[in-house]
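Notes follow once the structure below has been shown.
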Amino acid sequence: MVEALGEAPGRVRPWPGWRSGWQALAVCALAALLYTSLYSELPIDDALRFTPHIAAGVFEWDASHLLMQPAVVLWHRYLSLGGPAILSQERFNTFCAALSLGILYLLLVRLGAGAARRVLLTALAAFGYNLLNLATSGHIKLAALPFLTLSLFHATLWEEGERAGGSGRTGRLAAAAVELGIAAGFLINSVLVAPFLALAVLGVSLRAGRGPRRALGLATVFGVLCGGTALAILGAGYALATPGPHGIRGLLGFLLAKSSGRGPSTGIAESLARGVFGGVQNFVFISDFGAMLRTWMNGDSSFLPAYRGLFLAEGAVFLAALALFAWIYLEALLRLVRGRGAVAAPLAFVLGAFAFAVPWNLNEADFYFQITIPVTVLMATAPPAAWRLALQALLLALVAGTVLSGWALPKKRYPLHRYEAELRRRLTPRDLAVHWFDYSGGPTLIFLDLPGVPRLHPDRLYEQDPDPDRLFARLAGAADSHLAVGGRVYLFGILDDRTWHAPWPILRQKGLTQPRLKAFFQDHYAVVDRGEVAGIRCWELLARGR
């Protein structure tokens, strides 16, 4: 039992032998098999946005993720084996995730985690919702993950060495800094880990008796190496992507180009609530609860009478997972205060991810997956105990069960190409498909290629002109023009009473409510429920009298 749980933390174990190396390779292979077996015809988010340029071999030098798209272009050019670009994107993500899990496994070996805990914690990371979501998709943000994991690997081993008597090797710290700088070249928000990790270096060094001058010097060197690496990469990208003359002002404009796209603040309370929910759903898939809760927070509880059972059931899953993660973080903080175990470095990585996602009010997978492996390491650095292993096994069951049954398997079974063929036979250029442009997860018409079929997006129209009366006039004009020539008008998901799946919180802030939109359609047309079409609730609008 002791062998299964491992040794108490506090001393870096020697470099693992061939046996552990082969085990890590097996972890990589098993993870790759898992993720490739869950590939789906249904894309996620804006994965397809990258595909045309990757297929054409065109490099995009975007400062927010400078090296990400070019890396996949090179992968597609030399490692695709003749497959389509979207498959290269998926395989690239799978490779990055599998490689990172192998590095995690080796770190767990070095930290003295026993066989049972190594397997359990590696599986927990592999099945985490956001990591599995991205690793089985073409949304290529996982490009940064191997370098983030390598940086965590070296920073954690340095911290373990320091806590074991001031024997941390500065080479490990230098490696962590450079790897974190490279990660920022793939995903710029990774650089927000640097200030937290520099503070961790300072605090750990002081506790290890290095003295203020030595500790401050180590933290400064770390910051300079990390920042210098990131700046060198981003500066080179700026020089390649923009015509001369080049200068500091131009470089700052290049780096901050996307900051203007930041949406308006929704308040501290909602941002913190999103952060808490995002931290939990990073691992556990809760299909509807988050959107229902957000809708409720925005003052609309009309869905509760019909969906109280679903709300309570998913709420119970959320609270159970929240309690487990609160225990993990609280225990890590107590060990940090008491100076027991390497927790400062992984906590720095967690805080760096939250420092970006929470102020920007984000909840997407590509902004939270960075905490998956650091949280796993926090669990690994706790003293081995049977009760901890049992709680971690319970968390794994919760994670794998919800992610596979609620997300991965339904997504894999979604017959996108068959639905696409059916809709191509059903719809003509005289018809009109009305659906949301905003992506809220799951099946949506934005992923179906329907050549020649006109589309209308009420949320995009309202974003351009937030006046309900003018929106209704435009909707009526478009629908009437198609009906007048014998066409058909279909609403895909627009009248779905599961209001949390539509962009209603945003629309409601600008004066448009779901009852008002429903009333408009019902007052002007005969609305016929067509059930599910392509896995999406569908209604047809008929002219009055038909």
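In what follows, residues are counted from 1 in the order of the sequence shown.
The line from CG of Leu111 to CG of Leu157 is 6.0 Å long, rounded to the nearest 0.5 Å. Atom CE of Met68 sits about 12.0 Å away from atom CH2 of Trp61, to the nearest 0.5 Å. The CZ atom of Arg172 sits 11.0 Å away from atom OG1 of Thr156, with the distance rounded to the nearest 0.5 Å. Distance check, rounded to the nearest 0.5 Å: CG of Leu74 to CZ of Phe92 gives 9.5 Å. Here the CD atom belonging to Gln281 is positioned 9.0 Å from the OG1 atom belonging to Thr402, to the nearest 0.5 angstrom. Atom CZ in Arg49 sits 8.0 Å away from atom CD1 in Ile140 (nearest 0.5 Å).
The neighbour count for Trp22 CH2, taken as heavy atoms of other residues, nucleotides or ligands under 6.0 Å away, does not exceed 12.
The aromatic rings of Trp407 and Tyr129 sit perpendicular to each other, their planes meeting at more than 60°, with 30° as the lower class boundary. The aromatic rings of Tyr368 and Phe354 stand perpendicular to each other, their planes meeting at an angle above 60°, with 30° marking the opposite boundary.
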Distance-only criterion, 3.5 Å: show the donor-acceptor pairs between side-chain atoms of residues 180-205 and protein atoms not counting sequence neighbours.
from, atom 1, to, atom 2, distance (Å)
Ser190, OG, Leu187, O, 2.9
Ser205, OG, Val201, O, 2.7

Would you give me the side-chain donor-acceptor pairs under 3.5 Å for residues 341-352, sequence neighbours excluded?
none

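Within the structure, side-chain hydrogen bond (donor to acceptor under 3.5 Å, both in side chains) contacts touching residues 26-42 (residues at least two apart or in different chains) are Tyr39-Thr94. For the ring pair (Phe, Tyr, Trp, His ring centres under 6.0 Å) condition, no pair includes a residue of residues 100-120, sequence neighbours left out.
Leu409 has its side chain within reach of Leu38: a pair of non-hydrogen atoms, C-beta onward, lies under 4.5 Å apart. When side chains are defined from C-beta on, Tyr329 counts as touching Val375, because their heavy atoms get closer than 4.5 Å. With contacts defined as side-chain heavy-atom distances shorter than 4.5 Å, the pair His53/Val73 does not qualify. Leu131 has its side chain within reach of Leu145: a pair of non-hydrogen atoms, C-beta onward, lies under 4.5 Å apart. You'll find the side chain of Arg335 reaches within 4.5 Å of the side chain of Pro383, heavy atoms only. No side-chain heavy atom of Arg110 sits under 4.5 Å from any side-chain heavy atom of Ser20. Between Phe50 and Val72, the closest side-chain pair of non-hydrogen atoms is not below 4.5 Å.
Legend: residues meeting salt bridge (charged side-chain N to carboxylate O under 4.0 Å, His left out) with Arg91, ordered by chain and number and at least two apart, are absent. Not a single side-chain contact (heavy atoms from CB on, under 4.5 Å) links Ala232 to another residue, sequence neighbours left out.
Of all non-hydrogen atoms in Ala116 and Leu389, the two that sit nearest each other are CB-CD2, 4.2 Å. Contact detail for Leu225 and Ala177: the closest heavy-atom pair is CB-CB, 3.7 Å. What you find for Ser88 and Ser80 is that their closest heavy atoms are OG-CB, 3.2 Å. Between Ser100 and Cys96, the closest heavy-atom pair is OG-O, 2.7 Å. When all heavy atoms of Leu132 and Ala408 are compared, the closest pair comes out as CD2-CB, 3.8 Å. Taking all atoms of both residues into account, the shortest heavy-atom contact from Leu448 to Tyr414 is CD1-OH, 4.5 Å.
Among Ile54, Ile86, Leu87, Thr51, the one residue that satisfies the side chain to side chain contact (heavy atoms under 4.5 Å, CB included) test with His76 is Ile54. Remark: of the listed residues Phe325, Phe127, Phe318, Phe325 is the sole one forming a ring-ring contact (aromatic ring centres under 6.0 Å, His included) with Phe283.
Remark: side-chain polar atoms of Lys141 are not paired, donor with acceptor, to backbone N or O of Leu134 under 3.5 angstrom. Using a distance-only test at 3.5 Å, with no hydrogens or angles considered, a donor-acceptor pair links the side chain of Thr381 to the main chain of Leu378. In this structure a side-chain-to-backbone donor-acceptor pair under 3.5 Å is present from Gln69 to Val58. At distances below 3.5 Å, at least one donor-acceptor pair connects side-chain atoms of Glu314 with backbone N or O atoms of Phe289. A distance-only check finds no donor-acceptor pair linking the side chain of Asp449 to the backbone of Glu420 [under 3.5 Å]. When atom types are taken as modelled, the side chain of Glu331 and the backbone of Ala382 share no donor-acceptor pair closer than 3.5 angstrom.
Remark: Glu162 does not engage Arg207 in a salt bridge, criterion side-chain N to carboxylate O under 4.0 Å.
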For a side-chain contact (heavy atoms from CB on, under 4.5 Å) check, start with the C-alpha distance between Thr170 and Val221, then their side-chain angles and the critical distance, and finish with the verdict. CA-CA 10 Å; Thr170 54; Val221 169; over 6 Å; no
